[in-house]
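Inspection log for the structure reproduced underneath, given as structure tokens.
Note on naming: letters A, B, ... go to the chains in the order of the sequence lines (proteins, then strands), and numbering restarts at 1 for each one.
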Protein chains: 2
Amino acid sequence: MQVFWSNGYEATSVRLLEKEMGINQFSIYSSFSSKKNLFIQSLQRYRAYVKQNVYHDLLKDGAGWNDFETFLLGSASESSGNRGCLVVNSAAEIDTSEKEIISEINGYFEFIRGMIRNLLYSAIQKKELPAHTDIEKQSAFFLGVMQGISVASRTMKGDQLKDFISLALNQIK
Amino acid sequence: MQVFWSNGYEATSVRLLEKEMGINQFSIYSSFSSKKNLFIQSLQRYRAYVKQNVYHDLLKDGAGWNDFETFLLGSASESSGNRGCLVVNSAAEIDTSEKEIISEINGYFEFIRGMIRNLLYSAIQKKELPAHTDIEKQSAFFLGVMQGISVASRTMKGDQLKDFISLALNQIK
DNA sequence: GTTATATATAAGCAATAGCTTAGAAATGAT
DNA sequence: ATCATTTCTAAGCTATTGCTTATATATAAC
């Protein structure tokens, strides 16, 4: 997962995986069948990884809009100049004919959108957001914003990224 | 440019370029020196291409916010399931150590942001937007949104993409 | 302690990567 | 028409690609 994240799918050779994973090519192939399958399992692991390490607090039952705002604004300061999101990078790189990979990518984005939906729903319950808030449209918007943040975190400077995020959060008000 | 746009940088082989460009490898190398340099020139050509064919109307002197809204909403219906933006795809794929390429990518995004700045300025003059509109922050926001649109156009369905864009445009109101 | 099973390594496979050389065909100037 | 220059093609260079085979080593069962 880390090697694909740092280098992208095509630029990651099996020799590099061998070196970074610390095991032989044969072991890689006997465990993962093919480079493509290892990549798919890396995408699955990435999802489990961000669940535990990145979005953990936002996935808790009590989480609301305030938590989401804090999270996004916090990510602006950390994530400028970083690798971006592995799945966004893959969505931009991988050919649409790669059905299995695309399916994994779509599943990930549905997961993120589901998380945003829940946050919006909780926020309405908590009266952080008005009852008429359109959860479907807003979740689409913030998913798109998060995809933008991934690209922007690779290209924008910190303050520019922060402006992008703060105005995105401002939209819902 | 087209081959890199369709396949990405790493997945584009010189054999494929040879075939699609209709000329021999030697001719490619005598004209462009290296695959990397051909890619850089493709990025430059892409910029000229979108200037003439995509953003032409928005770059005209009279263009204001209404034109930008029409453009973005129009792109939602066309661009779902397409290749996305070559430069965004490249920003997601290319390693940050590739200084020359990254510089070209940054230049492109500065160009887009400059266009948005001009649109915001004109919009204020035309009283489409209030005079207190923060051009710097708003241009960062809409650049981030356009980066998101590129990713979203590869992954979202049309109506979802349209929701994203319409709420993004709603932010400024 | 021996045997069976799993997992490691090293070496090597054909195919393709980016790039170059050698030489033919076309071009343009005189 | 000739000669020099440019621009083409075909072939081939070394290195690396994703993947396998043959073989050794560790593990586990009885």
- Task: In sequence, state the C-alpha distance, the side-chain angles, and the governing distance for A:Ser6 and A:Arg83, and then conclude on side-chain hydrogen bond (donor to acceptor under 3.5 Å, both in side chains).
- Result: CA-CA 7 Å; A:Ser6 294; A:Arg83 293 182 289 184; 2.9 Å; yes
- Item | Check against side chain to side chain contact (heavy atoms under 4.5 Å, CB included), B:Gln171 and A:Leu169 | CA-CA 9 Å; B:Gln171 173 272 143; A:Leu169 288 167; over 6 Å; no
- Query: Does a side chain donor of either B:Glu110 or B:Asn106 reach within less than 3.5 Å of an acceptor in the other side chain?
  - Reply: no
- Task: Measure from CZ on A:Phe32 to P on D:dC19 and round the result to the nearest Å.
- Result: 14 Å
- Cation-pi geometry met for A:Lys35 and A:Tyr9 (6.0 Å, 45°): yes
- Whole-Å distance between D:dT20 C1' and A:Glu18 CD? 13 Å
- Message: I need a per-nucleotide contact map over nucleotides 6-18 of chain C, read 5' to 3'. Cutoff is protein heavy atoms under 4.0 Å; write B for the base, S for backbone only, - otherwise.
- Response: --BBB-B----BB
- Item | Check against side chain to side chain contact (heavy atoms under 4.5 Å, CB included), B:Phe142 and A:Phe164 | CA-CA 8 Å; B:Phe142 282 103; A:Phe164 168 33; over 6 Å; no
- Round to a whole Å and report the spacing from NZ of A:Lys19 to C1' of D:dG18. 18 Å
